[in-house]
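Just below is one structure, and these are the notes that go with it.
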Amino acid sequence: AEGAFLQQVIFGFTGLRFTDQGLKAEYPPLLPPTWQSLELRGIKSRGKTYDIRVTSANKLVMRQIPQ
């Protein structure tokens with residue numbers, strides 16, 4: 001159950017998907033109406049690390065962290 005909740009947060013709210021090219025925005029992000037923002041730090045995909053933020057305006061900001 002915990003894994004499903006985590007997947008809902010990472011993939012559902014952000015709209016991100018794992019693709020052959022790595023982590024990509026495939027769908028528009030969408031937060032619950034009462035949330036101010038969502039921030040995920042240190043998400044790893046294909047040897048790269050990202051900080052991800054979804055704003056209250058449902059804008060996705062994805063920043064690659066230098067290795």
Side-chain angles (χ1 to χ4, degrees):
E2 294 86 7
F5 175 76
L6 184 59
Q7 286 183 7
Q8 179 181 358
V9 170
I10 293 173
F11 301 119
F13 295 152
T14 66
L16 294 172
R17 297 293 183 270
F18 288 115
T19 69
D20 291 339
Q21 294 78 35
L23 197 57
K24 299 287 181 190
E26 295 287 322
Y27 299 95
L30 183 62
L31 293 181
T34 58
W35 289 26
Q36 295 298 312
S37 64
L38 170 68
E39 200 165 322
L40 305 169
R41 295 182 182 173
I43 303 296
K44 296 181 187 281
S45 172
R46 297 193 173 260
K48 297 177 182 174
T49 304
Y50 301 93
D51 284 347
I52 299 163
R53 185 166 200 264
V54 179
T55 69
S56 60
N58 291 316
K59 178 183 175 192
L60 177 70
V61 179
M62 196 164 126
R63 183 173 66 96
Q64 185 176 342
I65 305 301
Q67 300 294 324

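These numbers come from a predicted model, not from an experiment.
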Sub-4.5 Å side-chain heavy-atom contact between K59 and P29: no

R17 CZ to S45 OG distance, which is reported to the nearest 0.5 Å: 13.0 Å

In sequence, state the C-alpha distance, the side-chain angles, and the governing distance for L23 and F18, and then conclude on side chain to side chain contact (heavy atoms under 4.5 Å, CB included). CA-CA 5 Å; L23 197 57; F18 288 115; 3.7 Å; yes

Has the side chain of D51 got a donor or acceptor atom that lies under 3.5 Å from a matching backbone atom of G42? yes

Joint hydrophobic cluster, L30 plus L6, side-chain heavy atoms closer than 4.5 Å: no

Can you confirm whether L40 sits close enough to I10 that some side-chain heavy atom of one is under 4.5 Å from a side-chain heavy atom of the other? yes

Shortest non-hydrogen contact from S37 to T55? CB-CA, 4.4 Å

Can you establish whether the number of heavy atoms outside Q36 located under 6.0 Å from its atom CD is more than 12? no

Are L31 and F5 linked, directly or through other ILVMFWY residues, by side chains that come within less than 4.5 angstrom of each other? yes

Are side-chain heavy atoms of K48 and I65 found at a separation under 4.5 Å? no

Do I52 and V61 share a hydrophobic cluster (ILVMFWY, side-chain heavy atoms under 4.5 Å, transitive)? no

How about E26 and K24: do any of their side-chain heavy atoms sit closer than 4.5 Å? yes

Where do T49 and Q64 land on the side-chain hydrogen bond (donor to acceptor under 3.5 Å, both in side chains) test, with the steps shown first? CA-CA 6 Å; T49 304; Q64 185 176 342; over 6 Å; no

Taking the ring of F11 and the ring of Y27, is the distance between their centroids below 6.0 Å? no

